[in-house]
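One structure below.
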Amino acid sequence: MESLFGDLFDDLESKSARFADVILPVPIPKMFTYKIPKSLEGEVGIGFRVMVQFGSKKVLTGIIGKVHQKPPKEYEAKPILDVLDSYAMVNPLQIKFWSWMAEYYCCHIGEVMNAALPAGLKLSSESKIQLNPTFDTETSPYPLDEREEVILQALASKSELSYDECEQLLGIKSIHGIIKSLVIKEAIIVFEQVKDKYTPKVESRIRFSQPFVEDRKSLETLFDELSAKPKQEEILLKYLQEVPIYQRPELNVKGLDKRIFADAGLSMSSLKTLIKNGVLEEYKLIISRFEEIQGNDEEVTLSEEQNRAIEEIKSSFQEKQVNLLHGITGSGKTEIYIKLIEEAIASGSQVLLLLPEIALTTQIVSRLQKVFGSKMGIYHSKFSDNERVEVWNGVISGKFSFVVGVRSSIFLPFDSLGLIIVDEEHESSYKQFEPSPRFHARDAAIMLSWLHQAKTLLGSATPSFESYFNARIKKYGYVQLLNRYGDASLPEFLISDILVDKKKQLLKLDFTRLMREKIQEALNNQEQVLIFQNRRGYAPYISCEDCGWIPECEHCDVSLTYHQYSEEMRCHYCGFKEKIPKVCPACGSGKLSAVGLGTERIEESLSLLFPEARIARMDLDTTRSKYGYQRILEDFGAGNVDVLVGTQMITKGLDFDRVTVVGILDADRILYFPDFRAGERAFQQITQVAGRAGRREKRGVVIIQSRKPDHFLFDQVIKGDYKGFYLQDMAERQKFFYPPFVKLIKVSCRHKDYKLAEKAARHLHNLLLEVQVKKIMLGPEKGLIGKIKNQYIFETLVKLDKSGNAQAIFKHELRRILESMYANKEFRSVRIIIDVDPY
DNA sequence: AGCACGCCGACT
DNA sequence: GTCGGCGTGCTC
């Protein structure tokens, strides 16, 4: 009843709507009101893409966020120029979600839209020129110069030219002046062309022309005629073999993929002749970029514990919107997900499963694909734009009722989500840092599921302390899985003291004796080894042994990482590269040596220590290509590699039975990271890496090299005492006011002028101090990295009281303050960046 | 963000 | 004299 009236009302509203507030991809924090012209009445509504004029000449495409009949007071609304869609690309729920995100993360809704839409749905507008039809060279009062003539001649043969093409034509850089002059002389017209970037994938298909299908006699006559032309005959026979149109004439409609003839080695020119003579015809078929996969609904058998967990989750969902599933590595969370997803789909809901980027290319996806087949969509950052648009459309059309994807898949056009699962909920890659919106996909997913009145399941072996905190205060439900699936035992932990070995001269190429022995043992037994070092490159930096000089990035305040393989030094913040100097530029000494450990160097050390072992490396540098990651994993899985060295990539989704030894070379680096989450992260990372050891028959060994083997964290990791560590860390956080006890907002100022950046940050800090809410402020301080890409950074950290409406008030005031900063001439050019829930 | 308008240096 | 530099102001 209610929904009926709701629909009716909406309908009435849209029929009489005369104005539309359009979300545009511009960094201005509001929507823009345009008039809906009579001709488009009833053709547009929320979520339609429209073309509008913005400014004097620019044509932009935006999305309608609201329709209404309130004429703007201060200005005359311009009309919408055109609608691009016959149905809404974005639904009203998404607009609500975008608005919430813009509000919560203090950014503009246009920025959210930018992040949400796959590039293929954003339209690019490009200025082009065409001949002015009323122009005549003979009668024109204006003389044309040589270059202008060139352009006009080109336009005679080609109806339009882009600016780029004009530049190429004349071979000069600034074409603007010439074009302007031609416009003044009324010789050409400049227009904006909007082009849809999405191009459907097409296949050329061949089929018989209709007469031959309807009339069997004509086909026979044809064969008689062609007996003298064996090549053409061959083609027709091939076709009939694949498409038996005698028995099933209807098959001719779909025809046959053209490539089949080429693959069979048949003459393409004969095929052309047949088409030319009207025997065969060629047509284009729009096909999906995704292969059809039949799900086999394989029966998943669950352990008693898994069944119990499912029941607990379901009953907990009765009263709680969010549930935390805390299951140690290898406890079989995937099966539980499958069961819950199946049930949600069966009840007619959509389901979203979020995975961290690097886990998506692995076994879990192929596993799910086997169960769900092609009703499952995959949304991955390595997919092309076109592939993403197809997933987007597939969600709208209902083809995909279930999507597995990375953080940006929360933006897909779901309209009836029933369940969102966030796997590896603690993963920091769920947080987007650059560019804005700086959102956390887990937190946004909880909001999204709330908008859909759906449920959220957070899964992790090592939950984020926030989520665990929320579970403990009963805001979230909490379900635990305690046993490893198939009763695989937890690995044995060994802590190896780097300093002791160093003193005894037992440290060889950064490997302690214990580490070397265990690796050798595994190699002797034909078992596999994982070595974890969360630092790519050869070494963090090189240094001059004589004067201590360290090469630094020209644009950022960091040392350059030494990459031996490519023989260069690279900045991991801006991508700056430099050749390695032969001698120290500071003192001329030739003694430059690598300091510290990176994956490349470890790979090299391993091949020196274990010359017989097959070694591979997995980090950002070896997995750049679309399938790089998969290839390395497959190699490892097939047993072609004995030792795999890698960054945190190896902690995800690797599920190989033959790994018995896991080595962590420099645990201290994880432990002493300068941020309040260091302990939590260290616990998570070590536990996750350790979870890769010994999954089935044999108990694995985890060797941790450290200079501080007595650190209390090791003890708790070894015992698997998550709660103990949590409680200890929480006490610290409460004492020093860190989340989850406060809300953090980081406000930074960036500018190429050091002094100005600092001054702006001071000023901003003072303005923020005046906001009347309970809070603590730190800073302004030079950022941890003081300069990135030639921009100096100063930061203020605000710790807000979580109770009451301190957050809302502060964000509101923040907006006002930002405007005042922007209105201030002095600080206009300073970039101010707001990061809500940083880290 | 673009892009226009507007006021000061080095070029045919 | 002009072409072109980038400061600053606005976009429904």
Between A:Val90 and A:Trp392, what is the shortest heavy-atom contact and its length?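 The pair with the smallest heavy-atom distance is CG2-CZ2, 4.1 Å.
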
Can you check the [X] [atom1] to [N] [atom2] distance for me, whole Å?
X	N	atom1	atom2	result
A:Ile109	B:dA1	CD1	P	19 Å
A:Ile28	C:dC12	CD1	P	9 Å
A:Asn824	C:dG9	CG	P	12 Å
A:Leu60	B:dA1	CG	C1'	10 Å
A:Glu76	C:dC10	CD	C1'	18 Å
A:Ile23	B:dA1	CD1	C1'	17 Å
A:Arg831	B:dA1	CZ	C1'	11 Å
A:Lys825	C:dC10	NZ	P	13 Å

By the 4.0 Å heavy-atom rule, please label [X] as base, sugar-phosphate, or nothing.
X	answer
A:Leu24	nothing
A:Pro27	base
A:Phe54	base
A:Lys30	base
A:Glu74	nothing
A:Thr33	base

NZ or CZ of A:Lys811 within 45° of A:Tyr104 ring axis and under 6.0 Å: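 So A:Lys811 does make the cation-pi contact.
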
Please tell me which of the listed nucleotides, [options], lies nearest to the side chain of [X]?
X	options	result
A:Lys58	C:dC12, B:dA4, B:dG2	B:dG2
A:Ser56	C:dT8, B:dA4, B:dA1	B:dA4
A:Phe32	B:dA1, C:dT8, C:dC12	C:dC12
A:Ala77	B:dA1, C:dC12, C:dT8	C:dC12

Presence of A:Tyr75 side-chain N/O under 4.0 Å of C:dC12 phosphate oxygens OP1/OP2: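 No, no such contact exists.
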
Go through it in stages, so that I can follow the logic: the residues are A:Lys431 and A:Glu427, the test is salt bridge (charged side-chain N to carboxylate O under 4.0 Å, His left out), and I'd like the CA-CA distance, side-chain angles, deciding distance and then a yes or no. CA-CA 8 Å; A:Lys431 169 81 176 160; A:Glu427 261 298 309; over 6 Å; no

Evaluate the ring planes of A:Phe439 and A:Tyr105, with Trp represented by its six-membered ring, and classify them as parallel (under 30°), tilted (30 to 60°) or perpendicular (over 60°).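 A:Phe439 vs A:Tyr105 ring planes: perpendicular.
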
Have A:Arg407 and A:Gln432 got a donor and an acceptor in their side chains that come within less than 3.5 Å?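 Per modelled atom types, A:Arg407 and A:Gln432 side chains form a pair under 3.5 Å.
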
